[in-house]
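Small disclaimer: the values here were computed from a predicted structure and weren't measured. Sequence positions, counted from 1, serve as the residue numbers for this chain.
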Amino acid sequence: MFSLKDKVALVTGASQGIGRVTALALSQAGAKVAVAARNEEKLVNLVSEIEAAGGSALAVKMDVADAEQVKVGFQQVLEKFRRLDILVNNAAITRDGLSIRMKQEDWEAVLKTNLTGAHLCTQQALSTMMRARAGRIINISSVVAQSGNAGQANYVAAKAGLIGLTKAVAIEIASRHITVNAVAPGFIETPMTDVLPDKVKEELKTRIPLGRMGSPREVAAAIVFLASDEAGYITGHVLNVNGGMHLA
C-alpha cells in the first residue's frame, strides 16, 4: 500500500460507489479524508466508518454544480485540516437518452455536474495547492469518453471533457509541482450499473477481455497510486481501469 500519511484528501461524489470506496482506501493509506456529496446522511455514515477504523474524516454537504457550495465546502475542509493535498473529482450524474431527443435541461445538468463541477473544485484546490507548491488532482473519467456510447451523448461529452481538462491544467500548473491525472474506469459494479438489466450486463461482459465487470476497489487502488509520492513524475495521463475493454 502506498503511504499517504499526513496528507489531506477531498473526494467528491463520496456517498456511494467508487467515491465511497476511494475515500476508505485513501484513509487506509493514511490520509485524512473530507467526503463531499449531496446526501449528508450517507456521508455521516461514511465518516463514522472511517473514524471507527482509526481514521480522520469530515462530511461536507456539497453540490459541485453550485459554485457557492463548492467555495464554502472547501473552506470547511481548510478550517478542519488546514491543508489540502489531494482532490478526487468523482461526482457525476446520468440523464440518458438519444441525442436527437435529449432535453436541454438533461444535457446541461450532466455537463454542469460532471464537468463544470470538476472545474469549480479544481479552481478551489489550486488556490491552496499552488501556495504549498505541491498537490495531486485526479479526475474520474470513463471508458465511454474514449469509445463513445449510444444514448449517453451528454455523459460521454462531459467525461471526454474531463480528459481535456486534465491535460490542460496539468500543463498549466506543472511548474508548481502539482500533478493532474485522470482515471477512466470501465464498467464497474456500482449503484450506477446495478440498474442495468442482467441481459445487458452479460452482453457487456462479452466485450470485456477479462470477462467480468470491475470492482470499485480496483479503481480506488489506481487513485491511491496517482495520489502517492511514487506517482510524482506522472501528469496529464489517463489511467485506464477497464479490463481491456478499450485499449488506448
Out of curiosity, Lys32 NZ to Leu4 CG, how far, rounded to the nearest 0.5 Å?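 Those atoms lie 13.0 Å apart.
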Might you work through the side-chain contact (heavy atoms from CB on, under 4.5 Å) test for Arg38 and Met62, ending with a clear yes or no? CA-CA 5 Å; Arg38 293 175 296 179; Met62 179 199 299; over 6 Å; no
Hydrophobic cluster membership, with links at side-chain heavy-atom distances under 4.5 Å among I/L/V/M/F/W/Y: are Val77 and Val44 in one?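 Not linked; separate clusters.
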Salt bridge check: are Lys199 and Glu203 linked by an N-O gap of less than 4.0 Å?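 No, this pair does not count.
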Treating Thr193 as the side-chain partner and Ile188 as the backbone partner, does any N or O pair qualify as donor plus acceptor under 3.5 Å?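 At least one qualifying donor-acceptor pair exists.
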Cluster check Leu165, Ile140: I/L/V/M/F/W/Y, side chain < 4.5 angstrom: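 Result: no, two separate clusters.
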Between Ser27 and Leu24, is there a donor-acceptor pair closer than 3.5 Å when you use the side chain of the first and the backbone of the second?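 Pair absent, no side-chain N/O of Ser27 close to backbone of Leu24.
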To the nearest 0.5 Å, tell me how far Arg83 CZ sits from Asp6 CG.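 The distance works out to 7.0 Å.
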Residues, nucleotides or ligands: over 12 heavy atoms within 6.0 Å of Lys112 NZ: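 Counting other residues, nucleotides and ligands, NZ of Lys112 stays at 12 neighbours or fewer.
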For the side chain of Asn181 and the backbone of Ile234, is there at least one donor-acceptor N/O pair under 3.5 Å apart?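 Side chain of Asn181 to backbone of Ile234: a pair is present.
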Would you say Gln76 and Lys80 make side-chain contact, with heavy atoms under 4.5 Å?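 Heavy-atom side-chain distance check fails, nothing below 4.5 Å.
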Please check if Leu84 and Val64 belong to a single hydrophobic cluster, counting links between Ile, Leu, Val, Met, Phe, Trp and Tyr side chain heavy atoms closer than 4.5 Å.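 Yes; Val64 is reachable from Leu84 via cluster members.
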If you compare all heavy atoms of Ala153 against all heavy atoms of Ser99, which two are closest, and at what distance to 0.1 Å?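 That closest heavy-atom pairing would be CB-CB, 4.1 Å.
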Starting from the C-alpha separation in whole Å, work towards a yes-or-no answer on side-chain contact (heavy atoms from CB on, under 4.5 Å) for Leu87 and Arg136. CA-CA 6 Å; Leu87 169 64; Arg136 299 279 188 268; over 6 Å; no
List the atom of Leu204, the atom of Met245, and the distance in Å for their closest heavy-atom pair.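 Heavy atoms of Leu204 and Met245 come nearest at CD2-CE, 4.5 Å.
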With distance as the sole criterion, is a donor-acceptor pair present between the side chains of Gln16 and Lys42 under 3.5 Å?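 The answer is yes; a qualifying pair exists.
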Indicate the atoms forming the closest heavy-atom contact of Ala157 with Trp107, along with that distance.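 Here Ala157 and Trp107 meet closest at CB-CH2, 3.8 Å.
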Would you call Ser127 and Phe74 a side-chain contact if the rule is heavy atoms closer than 4.5 Å?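 No. Closest side-chain heavy atoms not under 4.5 Å.
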Do the side chains of Pro185 and Ile18 get nearer than 4.5 Å, heavy atoms only?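 Yes - at least one pair of side-chain heavy atoms lies under 4.5 Å apart.
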Hydrophobic clusters here meaning ILVMFWY residues chained together by side-chain heavy-atom distances under 4.5 Å, can you tell me if Val11 and Val60 are in one?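 No: no chain of side-chain contacts under 4.5 Å links Val11 to Val60.
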Indicate, with yes or no, if Val35 and Leu26 share a hydrophobic cluster defined by side-chain heavy-atom contacts under 4.5 Å among Ile, Leu, Val, Met, Phe, Trp and Tyr.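 In one cluster with Leu26: Val35, yes.
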Would you say that Thr179 contacts Ile137 through its side chain, given a criterion of any heavy-atom pair below 4.5 Å between the two side chains?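 The answer is no, as the side chains (C-beta and beyond) never meet within the 4.5 Å cut-off.
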I need the minimum non-hydrogen distance between Val219 and Val183, along with the two atoms involved.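 Minimum heavy-atom contact is CG1-CG1, 4.0 Å.
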Can you tell if the side chain of Val169 reaches within under 4.5 Å of the side chain of Ile173, non-hydrogen atoms only?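 With C-beta onward as the side chain, the pair touches.
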Any Met102 side-chain heavy atom under 4.5 Å of Leu98 side chain: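 Met102 does not reach Leu98 side chain to side chain.
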Lys205/Glu189 ion pair, N-O < 4.0 Å: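 Result for this pair is no, no salt bridge flagged.
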Looking only at heavy atoms, what is the nearest atom pair of Asn154 and Asp106, with distance?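 The answer is ND2-O, 3.3 Å.
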Taking the side chain as every heavy atom from C-beta outward, state whether Met129 and Arg176 have any pair of such atoms under 4.5 Å apart.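 Counting from C-beta outward, Met129 and Arg176 never come under 4.5 Å.
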Roughly how far, to the nearest 0.5 Å, is the OG atom of Ser142 from the CD atom of Gln152?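 That separation rounds to 7.5 Å.
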Distance-minimising heavy-atom pair for Leu115 and Gly161: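 Shortest heavy-atom separation between Leu115 and Gly161 comes out as CD1-C, 3.6 Å.
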Do Asp63 and Gln69 have a side chain donor and acceptor closer than 3.5 Å?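 No - no donor-acceptor pair under 3.5 Å links their side chains.
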Would you give the length of the straight line joining atom CG of Leu10 to atom CD1 of Ile86, rounded to the nearest 0.5 angstrom?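 Answer for the CG-CD1 pair, Leu10 versus Ile86, is 10.5 Å.
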Kindly indicate, with the supporting measurements, whether the criterion side-chain contact (heavy atoms from CB on, under 4.5 Å) is fulfilled by Val70 and His119. CA-CA 10 Å; Val70 170; His119 164 64; over 6 Å; no
Is it the case that Gln104 and Glu108 place a side-chain donor and acceptor less than 3.5 Å from each other?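 Note: Gln104 and Glu108 side chains meet the donor-acceptor criterion.
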Do Gln146 and Asn240 have a side chain donor and acceptor closer than 3.5 Å?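 Yes, side-chain donor-acceptor contact under 3.5 Å.
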With a 4.5 Å cut-off on side-chain heavy atoms, are Phe81 and Ser56 touching?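 Result yes, sub-4.5 Å side-chain heavy-atom pair found.
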Less than 3.5 Å apart, any donor N or O on the side chain of Asn90 or Thr12 sitting next to an acceptor on the other?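 No, Thr12 and Asn90 have no side-chain donor paired with an acceptor closer than 3.5 Å.
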Point-to-point distance, once rounded to the nearest 0.5 Å, from CZ of Phe187 to NZ of Lys201: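 Here the interatomic distance stands at 12.0 Å.
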In Å and rounded to the nearest 0.5 Å, what is the NZ to CG distance from Lys159 to Asn149?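 Separation between the atoms: 13.0 Å.
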Assess, by modelled atom type and distance only, whether the side chains of Thr122 and Asn89 contain a donor and an acceptor separated by less than 3.5 Å.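 Judged by distance alone, the side chains do pair up.
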